[in-house]
Amino acid sequence: MAYWLLKSEPEEWSWAEQVAQGGKGAEWTGIRNFSARNNLRAMKKGEQAFFYHTGKERAIVGIVKVIAEAHPDSTDTTWGAIDVAAVKKLPTPVSLDQIKADKRLKGMVLVRLARLSVQPLTDAEWRIICQMGGLGSTR
DNA sequence: GCCAACGTTGGC
DNA sequence: GCCAACGTTGGC
């Protein structure tokens, strides 16, 4: 079971909009980068991902799960997309500053490759951020 | 709004 | 197949 992080500009697609889709979820589109696409293709149904807001917020705000694996992006079928549904909101959003300040998260892809829009996380990183976000030992 | 970092493209 | 040039992303 792998863990992921999905980045979005809140102006383009926000956590609030994601939540509004409920359990049926929504298509995660707009991937136009090869490494991101490779990660996207590795995502399996049921796996969880953090939802990160770029731009002004720069924080992980919630958790989504994969409900449909890679299929053609309906906005550009030469690329891929997945479907995700909101699982839960983080009681406390985890900001980029907090992530950068934590020595244990120094190796995180978010810190090293800020531009990659679909990123893998290690189990340890996932657990640390869940705790920072106020979810205790939930994973 | 600027600029650094990175990914992609295209000429050789 | 290398690498310079260019475009885009995203933090500051």
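Letters go in sequence order (proteins before strands), and every chain restarts at 1. Values below: every heavy atom of this structure, side chains too, minus hydrogens, waters and symmetry copies.
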Scan A/Leu96 against the nucleic acid and name what it touches under 4.0 Å (heavy atoms): base, sugar-phosphate only, or nothing.
sugar-phosphate
Answer yes or no: is there a side-chain heavy-atom contact under 4.5 Å between A/Tyr52 and A/Gln119?
no
Contacting residues from residues 53-60 of chain A, given that a heavy atom lies under 4.0 angstrom of DNA chain C
A/Gly55, A/Arg58
Can you get from A/Ile129 to A/Leu96 by hopping between Ile, Leu, Val, Met, Phe, Trp and Tyr side chains that sit under 4.5 Å apart?
yes
Would a single hydrophobic cluster contain both A/Val19 and A/Phe50, if residues Ile, Leu, Val, Met, Phe, Trp and Tyr are joined by side-chain heavy-atom contacts under 4.5 Å?
no
Keeping A/Glu69 on the side-chain end and A/Lys45 on the backbone end, is there a donor-acceptor pair under 3.5 Å?
yes
Tell me, do A/Glu125 and A/Val109 make a side-chain contact under 4.5 Å, heavy atoms counted?
no
Quick one, A/Val61 and A/Leu90 - any side-chain contact, counting heavy atoms below 4.5 Å?
no
Single-linkage hydrophobic cluster, 4.5 Å side-chain cutoff, A/Leu121 and A/Leu6 together
no
Aromatic ring pairing A/Trp15/A/Phe51, orientation class (parallel under 30°, perpendicular over 60°, tilted between)
perpendicular
Reading DNA chain C in the 5' to 3' direction, which nucleotide is the first one with an atom under 4.0 Å from a heavy atom of chain A, and which is the last?
C/dG7 to C/dC12
